[in-house]
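Just so you know, these numbers use all the heavy atoms, side chains as well, and skip hydrogens, waters and symmetry mates. Just so it is clear: chains get the letters A, B, ... in the order the sequence lines come, proteins before strands, and each one is counted from 1.
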Amino acid sequence: MTLDLNEQQQIRRGKLDELRAGGIEPFPTRSERSHTSAEALARFEEIEEGLEGSHDPEQITVAGRVQTLRDMGRSIFSHLEDGHGQIQIYLRKNGMLEGDITWFSDYVDRGDIIEARGSLFRTRTGEVTLEVAHWTMLSKAVSPPPEKWHGLSDVEERYRRRYVDLFSNPEVREVFRTRTRMISAVRAFLDRNEFLEVETPTLQPLYGGALARPFTTFHNELEQTLYLRIADELYLKRLIVGGFERVYEICKDFRNEGVDRNHQPEFTMLEFYIAYADYETVMALVEEMVEEVTLAVKGTTEIEFDGQTVDFKTPWRRLSLADAIFEESGIDFNQHRDQQELLAKAAEAGVKLPPDTPWPKIVDELMKEFVRPKVSQPTFLVDYPVELSPLAKRQAGSELTVERFQPMAAGIELGNGYTELNDPFDQYERFQAQVAQRDAGDDETMPIDIDYVEALMYGMPPTGGFGLGIDRLAMMLAGQRSIREVILFPAMRS
RNA sequence: GGCCCGAUAGCUCAGUGGUAGAGCCGCGGACUUUUAAUCCGUGGGUCCUGGGUUCGAUCCCCAGUCGGGCCA
């Protein structure tokens with residue numbers, strides 16, 4: 001690889017070389033910054049009254065990226081941007097130390113990172129500004145930044161050069177601040193509710209806990225195939241067997257599947273488990289958590305997403321999957337337990353599926369087709385067919401339905417939770433049913449995890465659990481319709 | 001996997017079967033309180049890649065690459 005510089009880069013490179021030739025290091029080791037932009041502005045607001053229109057008697061040093069440059073020959077205005085905001089600086093030929101003004105106009109470009117020492121004052125137009133006595137180059141930018149008012153807008157370039165996207169598009173920085181505040185609020189909620197945050201394996205000898213294709217890798221010394229986790233569920237429940245009553249983990253999961261605006265191969269999941277609890281307890285906690293997190297991040301429980309106003313205020317609606325599908329499509333899947341029969345019903349309702357589509361998958365498709373797009377306000381869809389949920393416990397007295405829920409809002413699935421299956425023999429049979437489904441052509445099934453069944457044989461208390469798509473919730477709270485907009489470096493073909 | 005859309009200067013975008021356009025940007029100049037500073041002059045291109053049609057293709061056709069959207 002060679003570094004080919006375009007015309008503008010060559011000119012900046014030339015300035016860099018000239019600075020060095022003049023004895024000025026364009027990438028010095030350290031900065032002498034005394035104030036962030038925000039601190040400088042706050043300082044001036046504080047002392048302004050006593051100044052009676054004159055300059056701050058003390059000199060301070062600010063630093064940042066040159067965002068604007070208004071060169072008027074004997075005076076120059078510029079805005080420096082740091083991680084806390086912006087501050088305007090003002091250079092006046094008479095006010096400068098000897099030689100500095102020449103250096104500035106000749107060698108400073110937009111995008112350079114510089115620091116400036118001087119005194120604060122308020123300009124005629126009312127902006128708090130640093131009048132510069134001396135400035136220093138901190139890092140010469142060889143590549144010019146994007147246009148100043150459109151920023152970088154080409155989405156491909158924005159994702160591939162996220163650093164440029166971030167420094168030139170303030171609203172993008174805000175999206176990721178929102179995401180981080182959201183995760184902090186989730187942690188605060190769980191920590192306060194006495195959950196133990198834990199770490200379980202990313203590299204797993206057997207994948208499980210979800211229906212998805214895994215990434216496969218190989219450990220040379222162990223001489224064994226390992227999988228990147230598609231979920232951490234089975235490990236967290238082993239910890240419940242181990243005696244922890246409330247555990248959670250926020251981690252990356254990996255699924256070797258399609259990429260679209262709701263899916264990325266690498267995404268962030270929250271899972272938590274509560275011993276001596278069932279899915280009712282969990283739902284109550286989930287709605288409380290999301291309400292609190294939204295309030296913490298947005299200052300209100302209402303958000304705008306995809307043209308809808310969604311209010312996360314508790315309590316959320318509960319709606320059984322069977323009722324929801326029946327209401328929207330007229331199909332009662334419990335009356336059509338036969339695969340071909342349900343397939344025909346689906347076709348009648350306008351949903352064409354391959355003839356070998358497994359029965360549980362047809363139910364899932366009916367939900368996605370008829371129910372999900374209609375769910376605007378936060379809703380728990382509850383009580384799923386057992387075939388869709390091999391790790392969930394049956395409802396008392398029911399052979400067909402498990403205690404499972406999915407929270408949805410604005411047509412998006414936010415997560416998945418259930419009363420955990422703790423009968424080792426039932427669990428073993430469910431795993432076997434998965435194998436049978438795989439043999440029948442379903443390519444999204446779980447392998448048998450005997451070690452997990454053995455863990456259950458030591459006894460797991462009644463437990464409720466939940467998994468939340470962190471990226472999905474971040475999308476909603478940041479008002480972004482694509483998951484790529486809430487992942488700093490989304491997967492891209494190279 | 002199928003269909004549709006896009007790719008032109010560092011950035012944001014126009015445009016055309018016959019020497020490639022604007023604004024920002026850069027460079028040179030004027031300007032000592034500007035806010036997308038202003039004014040004068042000027043520079044910058046593998047028009048995504050490879051084939052084809054044509055006297056001539058950035059443009060039309062075919063294939064591909066990357067990105068986006070819709071569908072499965």
Next on the checklist: Nearest whole Å is fine: how far is B:rA9 P from A:Gln9 CD?
Outcome noted: 14 Å

Item to check | Minimum-distance nucleotide (side-chain atoms of A:Arg124 versus B:rU32, B:rU33, B:rG43) | outcome: B:rU33

Item to check | Gap between atoms CD and C1', on A:Glu157 and B:rC48 respectively (whole Å) | outcome: 12 Å

Item to check | Distance, rounded to the nearest Å, where A:Asp112 contributes CG and B:rG26 contributes C1' | outcome: 14 Å

Item to check | Polar side-chain contact A:Glu147-B:rG23 base: donor and acceptor under 3.5 Å | outcome: yes

Could you go over nucleotides 37-40 of chain B and give all protein N or O partners under 3.5 Å, atom names and distances?
unit_1: B:rA37; atom_1: OP1; unit_2: A:Lys148; atom_2: NZ; d: 2.7
unit_1: B:rA37; atom_1: OP2; unit_2: A:Arg70; atom_2: NH1; d: 3.1
unit_1: B:rA37; atom_1: N6; unit_2: A:Asp71; atom_2: O; d: 3.4

Next on the checklist: Tell me the interatomic distance from A:Leu152, atom CG, to B:rG67, atom P, rounded to whole angstroms.
Outcome noted: 16 Å

Checklist entry - Between B:rG43, B:rC66, B:rU34, which nucleotide gets closest to the side-chain atoms of A:Arg493? => result B:rC66

Next on the checklist: Can you tell me which nucleotide in B:rC13, B:rU34, B:rG69 comes closest to the side chain of A:Ser153?
Outcome noted: B:rC13

Next on the checklist: Need one value for A:Arg12: base, sugar-phosphate or nothing, where a base atom within 4.0 Å counts as base even if backbone is also close, heavy atoms only.
Outcome noted: nothing

Checklist entry - Quick one: salt bridge (charged side-chain N to carboxylate O under 4.0 Å, His left out) partners of A:Glu157, sequence neighbours excluded? => result A:Arg161

Checklist outcome for this item: A:Phe121 has its side chain closest, among B:rU33, B:rG23, B:rU32, to B:rU33

Next on the checklist: Once you apply a heavy-atom cut-off of 4.0 Å, does A:Lys368 come out as touching a base, just sugar-phosphate, or nothing?
Outcome noted: nothing

Next on the checklist: I'd like to know if A:Asp109 and A:Lys15 make a salt bridge, using a cut-off of under 4.0 Å between side-chain N and carboxylate O.
Outcome noted: yes

Next on the checklist: In this structure, how many angstroms lie between the P atom of B:rU34 and the CD atom of A:Gln88, rounded?
Outcome noted: 10 Å

Next on the checklist: Please confirm whether the shortest side-chain N or O distance from A:Arg484 to OP1 or OP2 of B:rG68 is below 4.0 Å.
Outcome noted: yes

Checklist entry - At under 4.0 Å between heavy atoms, what does A:Arg110 touch on the DNA or RNA strands: base, sugar-phosphate, or nothing? => result nothing

Item to check | First encountered from the 5' end of RNA chain B, between A:Arg92 and A:His150 | outcome: A:His150

Checklist entry - Does A:Lys93 place a side-chain N or O at less than 4.0 Å from the phosphate oxygens OP1/OP2 of B:rU33? => result no

Checklist entry - Relative to each other, are the rings of A:Phe121 and A:Tyr90 parallel, tilted or perpendicular (30° and 60° limits)? => result tilted

Item to check | 5' priority, RNA chain B, between A:Lys352 and A:Asn6 [closest heavy atom] | outcome: A:Asn6

Next on the checklist: Quick one, A:Phe267 and A:Arg255 - any side-chain contact, counting heavy atoms below 4.5 Å?
Outcome noted: yes

Checklist entry - Looking only at N and O atoms, is any donor in the side chain of A:Thr129 or the base of B:rU33 less than 3.5 Å from an acceptor on the other one? => result no

Item to check | Side-chain donor/acceptor contact of A:Gln8 with base of B:rG10 under 3.5 Å | outcome: yes

